[in-house]
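Every chain is numbered from 1, with letters handed out A, B, ... down the list of sequences. This structure is a prediction, so every number in the text was calculated from the model and none was measured. Just so you know, these numbers use all the heavy atoms, side chains as well, and skip hydrogens, waters and symmetry mates.
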Protein chains: 2
Amino acid sequence: MNFSKIPLFENIAASECSRMLDCFHSYTLLLKADQEITIQDHFKDCVAVTLSGSVEISRIDINGRKSILEIIGENEMFGRLCSFSPEEYDTVIAKCILPAEILFLPNDQIEKQCSNACQCHSRLISNLLELMSKKTNSLSSRVNLLSQRTIREKLTHYFYQLAAASGSNSFRIPYSMTTLADYLCIDRSAMTRELKNMKEAGIIDAHGRNISLLQ
Amino acid sequence: MNFSKIPLFENIAASECSRMLDCFHSYTLLLKADQEITIQDHFKDCVAVTLSGSVEISRIDINGRKSILEIIGENEMFGRLCSFSPEEYDTVIAKCILPAEILFLPNDQIEKQCSNACQCHSRLISNLLELMSKKTNSLSSRVNLLSQRTIREKLTHYFYQLAAASGSNSFRIPYSMTTLADYLCIDRSAMTRELKNMKEAGIIDAHGRNISLLQ
DNA sequence: CCTTTTGTGTTGCATATGCAACGGAAATCA
DNA sequence: TGATTTCCGTTGCATATGCAACACAAAAGG
């Protein structure tokens with residue numbers, strides 16, 4: 001593992017990383033695309049960090065409707081300590097989108113004040129805090145998005161996010177339209193209809209997944 | 001300030017707390033009920049922790065509709081580092097619900113590896129991680145709630161949360177119905193109507209804010 | 001105490017949105 | 001290449017939900 005490029009291990013010597021991960025009984029998992037991770041298996045008492053790849057957390061309700069709760073990108077964290085509790089009565093699944101390498105860190109190991117070599121441990125916690133902070137930001141932004149009342153508002157809000165991220169009024173939706181609808185928790189056909197309305201109203205210009213915000 | 005009862009300062013001696021807070025240039029704010037905190041004033045580069053009281057983060061859209069994004073209870077954290085970014089194009093306001101004492105910690109002070117007395121600093125960070133972890137959990141749970149498609153699903157999901165929290169199928173909604181509607185991001189009258197429907201369908205029993213989950 | 005504000009339940013109406021179904025395009029796969 | 005699957009846009013229909021308005025209850029405030 002090349003520790004030097006992983007934010008979680010920033011400012012920690014590679015040798016220390018190996019030793020620490022070993023001491024923590026942490027382990028990594030290689031996932032192929034479309035592979036599912038069952039919550040209880042690994043998340044029970046662990047924090048998960050995607051060293052590479054991408055994971056989608058979603059929920060399928062009894063009517064078969066899928067809602068995407070989170071999309072976890074590279075070097076982001078997820079898992080029980082910082083995510084959906086297993087007490088939820090709906091089925092929450094984590095599916096690998098892009099081939100991923102996932103590091104699992106046992107919670108109790110993180111919490112314990114280790115007696116030896118605390119220097120790098122506290123640095124790791126500090127780095128975890130940084131990751132957690134990013135996660136909280138993205139979750140907050142997600143709450144803000146899902147609190148929008150109408151389809152048009154959700155789309156607009158999401159497009160503003162993309163525009164801000166790309167630094168331009170023209171950008172490309174990074175998901176398929178089907179996935180986007182699941183992500184916004186709305187019906188796909190209704191979304192397509194609303195996109196057409198927004199186009200006709202002169203709010204946006206759209207060619208496939210390429211969107212331009214007008215006015 | 002009585003540090004001993006505040007989770008943020010757990011396992012840190014009171015004398016160390018004083019010294020550290022002083023060194024960090026942190027400060028506290030006393031808020032009366034209904035008082036608003038403007039984002040830019042305090043949150044710009046700070047983490048906020050409610051030592052006591054309660055704060056509501058909400059958004060008012062151009063149509064005057066209010067959506068409650070978060071309700072921050074005692075000993076929870078909020079602020080820019082872990083909340084809604086100021087780049088949001090809607091107006092997000094933080095309002096004090098119960099008289100509160102809020103501690104502001106500058107981000108850069110937290111991040112810096114202080115040269116002296118790192119022991120209690122790293123303990124503080126560890127405690128922050130704990131707070132942040134709780135916050136992430138509550139945000140995730142919020143995403144899960146808001147991702148529900150229908151009013152009935154939102155109500156049901158929320159009631160399950162209350163039931164789990166109270167350890168009973170009978171509980172009392174802790175907010176006014178108006179507030180609850182804002183919290184679920186739905187229309188109040190539509191919510192009342194749906195509650196009646198659920199009652200008639202035998203799913204719940206409801207007398208005012210007292211709810212019982214049947215079946 | 002009276003006055004004012006806020007909360008609550010109700011209902012008629014308009015419509016935004018979900019749902020099902022279909023055909024064609026595009027992508028994947030063998 | 002051909003076969004299969006996924007993706008996408010469209011539309012008719014039913015209805016869940018937002019909205020406005022109202023009356024009354026409850027709470028707050030002076």
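Residues from residues 185-200 of chain B with heavy atoms under 4.0 angstrom of DNA chain C, sorted by number: B:R188, B:S189, B:T192, B:R193, B:K196. Taking every heavy atom of residues 174-184 of chain A and every atom of DNA chain C, no pair lies under 4.0 Å.
For the helix from C:dC1-D:dG30 to C:dA30-D:dT1, the terminal axes (five pairs an end, C1' atoms, rotation from four pairs onto the next four) enclose an angle of 70°, given to 10 degrees.
Scored by the salt bridge (charged side-chain N to carboxylate O under 4.0 Å, His left out) test, B:K196 finds no partners at all (sequence neighbours excluded). The side chain to side chain donor-acceptor pair (under 3.5 Å) search around A:N75 returns none, not counting sequence neighbours. With sequence neighbours excluded, the residues satisfying side chain to side chain donor-acceptor pair (under 3.5 Å) with A:R59 are B:N144, B:S147. Partners of A:S176 by side chain to side chain donor-acceptor pair (under 3.5 Å), not counting sequence neighbours, listed by chain and number: A:T179. Considering only residues two or more places apart in sequence or on other chains, B:S189 meets the side chain to side chain contact (heavy atoms under 4.5 Å, CB included) condition with B:D187. For B:S4, the side chain to side chain donor-acceptor pair (under 3.5 Å) test picks out B:N2, with sequence neighbours left out. Taking the side chain to side chain contact (heavy atoms under 4.5 Å, CB included) definition, one finds that A:P174 meets it with A:Y158, A:L162, sequence neighbours left out. Residues satisfying the side chain to side chain contact (heavy atoms under 4.5 Å, CB included) test with B:E130, not counting sequence neighbours, are A:E111, B:K134.
If you take CD1 of A:I173 and C1' of D:dG9, they are 14 Å apart, rounded to a whole angstrom.
Atom CD1 of residue B:I203 and atom OG1 of residue B:T156 lie 6.0 Å apart, to the nearest 0.5 angstrom. For the atom pair B:I186 CD1 and B:I151 CD1, the distance stands at 4.5 Å (nearest 0.5 Å).
A residue-by-residue look at A:R149 and A:R209 shows that A:R209 has its nearest nucleotide of DNA chain D further toward the 5' end.
At a cut-off of 3.5 Å, with distance as the only test, a side-chain donor of B:S141 or B:Q161 sits close to an acceptor on the other residue. Side-chain atoms of A:S26 and A:Q109 include no donor-acceptor pair closer than 3.5 Å.
Along DNA chain C, read 5' to 3', the first and last nucleotides having any atom under 4.0 Å from a heavy atom of chain A are C:dT17 to C:dA20.
Remark: A:R142 qualifies as a cation-pi partner of A:Y183 under the 6.0 Å distance and 45° angle criteria applied to the six-membered ring.
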